[in-house]
Protein chains: 2
Amino acid sequence: MNNETIMPSCESPGRYISAIYRHLQILITAQLQPYRIGSGQYIFLMTIAKKEGISQKALSEELLIDKTTTAKAIRKLEAEGYVRRETDPTDNRYNLLYLTQSGRAVVPKVQAALNDISRKSRVGMDDEEYELMLALLKKMLCNVSEQVRRREKEL
Amino acid sequence: MNNETIMPSCESPGRYISAIYRHLQILITAQLQPYRIGSGQYIFLMTIAKKEGISQKALSEELLIDKTTTAKAIRKLEAEGYVRRETDPTDNRYNLLYLTQSGRAVVPKVQAALNDISRKSRVGMDDEEYELMLALLKKMLCNVSEQVRRREKEL
DNA sequence: AAATAATAGTTGCAATGACATCCTATCTTA
DNA sequence: TAAGATAGGATGTCATTGCAACTATTATTT
């Protein structure tokens, strides 16, 4: 009842990260709905666009996402007709991923939507602050992924 | 430092936010497993600890989390015996939330686990950088939650 | 050459979280 | 006071994501 502040009193990066993540999910889902691309698939689409012929394994490693999540996202993108799988002739274990015609057509639109969200998200930050934030987030990501890797080794 | 193979080539805050969020979820889940508290519940536990007698609605607003998500998290915390619901005698619509004995006992342990993760996540950042990152994340959260609110109004 | 190990990908299950919808209690207003 | 509006909360459904376990293919070892 007494919400004197709209903002959470969370002075830890984890809470900010979590809240920003959830809000970005909502915005991305809404923006990409016309193309039937969910918040869980666009990263894969954009990465394949930059590196056609990439394998699912390489995608998972580059995006630091579990390979089973990758498999499911690719399946959806394939079902929507944006991505095409091709078995690597030199090693049948690999699926090589390519964009289809409509995949290539939708990429610029998705990019525009993402740019719009990014632009609105950095209101009130100058270029220097923005770059600094990216650098700090990168460092934080290195730290947490290092922690996760260390945990995995222990098991 | 610059290991292209492991780090994603993502120069957008959204991707960093997403990756950090997912990794933090993994770490928190692992750390809090002994107490049977999931990554989706600890925020509620800690917030109730700071503001006993808070309602679910106020919790949702403070944490910027959907009220149905709050309801489910509280139910789990109640099932584990950490939180107690009490109907507000002055307005029977409200559930006032309090910690139980074991809730009060577990809070310091959860806090310690979170502090440990936070500490390891900011390796390589001095206090000034850390504070700056918090401020920038706060600004970004304001921006995205403003966008979400604006979207809701349009509907 | 056969057995074993390692790797890429898939499937099933569970947790997180949002949205739509409904129920119930309280407040407004006619 | 009765009818409708409002608000807190619960439930069902769906998307995202990770883990365990599995299949299939390739590499290695004996």
Side-chain angles (χ1 to χ4, degrees), chain A residues 1 3 17-30 32-33 36-44 54-61 63-80 85-97 145 148 151-152 155, chain B residues 17-30 32-33 36-44 54-61 63-80 85-97 145 148 151-152 155:
Chain A
M1 38 183 78
N3 50 344
I17 295 280
S18 163
I20 295 169
Y21 170 79
R22 286 181 287 102
H23 284 75
L24 283 178
Q25 291 257 87
I26 293 172
L27 294 172
I28 291 172
T29 299
L32 301 186
Q33 192 186 356
R36 305 180 55 81
I37 296 172
S39 65
Q41 291 115 52
Y42 79 95
I43 325 180
F44 298 97
I54 195 174
S55 72
Q56 293 185 199
K57 171 75 157 125
L59 251 185
S60 304
E61 284 175 353
L63 298 175
L64 295 174
I65 289 178
D66 189 86
K67 63 178 180 172
T68 68
T69 302
T70 301
K72 286 156 190 166
I74 298 302
R75 185 169 53 188
K76 285 197 179 180
L77 287 172
E78 193 183 28
E80 291 297 336
R85 283 165 143 121
E86 207 167 281
T87 304
D88 186 342
T90 72
D91 188 334
N92 289 13
R93 290 176 300 184
Y94 288 79
N95 285 342
L96 304 186
L97 306 171
S145 77
V148 171
R151 251 201 77 253
E152 282 167 352
L155 304 182
Chain B
I17 295 281
S18 162
I20 294 169
Y21 171 79
R22 287 182 287 103
H23 284 76
L24 283 178
Q25 291 259 90
I26 293 171
L27 294 172
I28 291 172
T29 300
L32 300 186
Q33 193 186 355
R36 305 180 54 82
I37 296 171
S39 64
Q41 291 115 53
Y42 80 95
I43 325 180
F44 298 97
I54 195 174
S55 74
Q56 293 186 195
K57 172 75 155 120
L59 252 185
S60 304
E61 284 175 353
L63 299 176
L64 296 174
I65 289 178
D66 189 87
K67 64 176 181 172
T68 66
T69 301
T70 300
K72 285 161 188 164
I74 298 302
R75 185 168 53 186
K76 284 195 180 180
L77 287 172
E78 194 182 28
E80 291 296 335
R85 285 166 143 119
E86 205 169 285
T87 304
D88 186 342
T90 71
D91 187 336
N92 289 13
R93 292 176 301 181
Y94 291 81
N95 284 340
L96 306 187
L97 306 172
S145 77
V148 171
R151 250 200 79 252
E152 283 166 353
L155 303 184

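Because the structure is a prediction, the values reported are computed rather than measured. Quick note on labels: first sequence line is chain A, next is B, and so on, each numbered from 1.
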Atom-pair distance ([atom1] on [X]; [atom2] on [N]), nearest Å:
X: A:L24; N: C:dG17; atom1: CG; atom2: P; result: 15 Å
X: A:R22; N: D:dT17; atom1: CZ; atom2: P; result: 14 Å
X: A:E78; N: C:dG9; atom1: CD; atom2: C1'; result: 13 Å
X: B:I74; N: D:dA10; atom1: CD1; atom2: P; result: 9 Å
X: B:I20; N: D:dT17; atom1: CD1; atom2: P; result: 15 Å
X: B:E61; N: D:dG8; atom1: CD; atom2: P; result: 7 Å
X: A:Q56; N: C:dT11; atom1: CD; atom2: P; result: 11 Å
X: A:L59; N: C:dA8; atom1: CG; atom2: P; result: 13 Å

### Task
Would you mind building the protein contact string for nucleotides 21-27 of chain C? One character per nucleotide, 5' to 3', B for base within reach (heavy atoms under 4.0 Å), S for sugar-phosphate only, - for untouched.
----BS-

### Message
Counting the atoms with a prime plus P, OP1 and OP2 as sugar-phosphate, which does B:S39 contact under 4.0 Å by heavy atoms, base, sugar-phosphate, or nothing?
### Response
sugar-phosphate

### Task
Using a heavy-atom cut-off of under 4.0 Å over every strand shown, decide if B:Y42 touches base, sugar-phosphate, or nothing.
nothing

### Task
With the side chain of B:I65 defined as its heavy atoms from C-beta on, choose the nearest nucleotide among D:dT17, C:dA18, D:dA10.
C:dA18

### Query
Among the nucleotides D:dA15, C:dG9, C:dA15, which one has an atom lying closest to any side-chain atom of A:K76?
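Comparing D:dA15, C:dG9, C:dA15 against the side chain of A:K76, the answer is D:dA15.
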
Any side-chain N or O of [X] below 4.0 angstrom from OP1/OP2 of [N]?
X: A:R75; N: D:dA15; answer: no
X: B:Q41; N: C:dT16; answer: yes
X: A:T69; N: D:dG18; answer: yes

Do the side chains of [Y] and [X] get nearer than 4.5 Å, heavy atoms only?
X: B:Q41; Y: B:L32; value: no
X: A:N95; Y: A:T87; value: yes
X: B:R85; Y: B:R75; value: yes
X: B:F44; Y: B:I65; value: yes

### Task
Name the residue closer to the 5' end of DNA chain D, choosing between A:G38 and B:N95 according to the nucleotide with the nearest heavy atom.
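Nearer the 5' end of the strand: B:N95.
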
### A:S18 vs A:A71, nearer the 5' end of DNA chain C by closest nucleotide
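So the residue in question is A:A71.
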
### Task
Spell out yes or no: do the side chain of B:K72 and the base of D:dG12 have one donor N/O and one acceptor N/O closer than 3.5 Å?
yes

### Task
Determine whether more than 12 heavy atoms belonging to other residues, nucleotides or ligands lie under 6.0 Å from atom CD of B:Q33.
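For B:Q33, atom CD is not crowded (no more than 12 foreign heavy atoms under 6.0 Å).
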
### Query
Taking all atoms of both residues into account, what is the closest heavy-atom pair of B:Q56 and B:I74, and its distance?
OE1-CG2, 4.2 Å

#### Entry: Closest non-hydrogen atom pair, B:S55 against B:L97
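Looks like C-CD1, 4.4 Å.
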
### Query
Can B:E61 and B:K57 be counted as an ion pair, charged N to O under 4.0 angstrom?
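Salt bridge: yes.
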
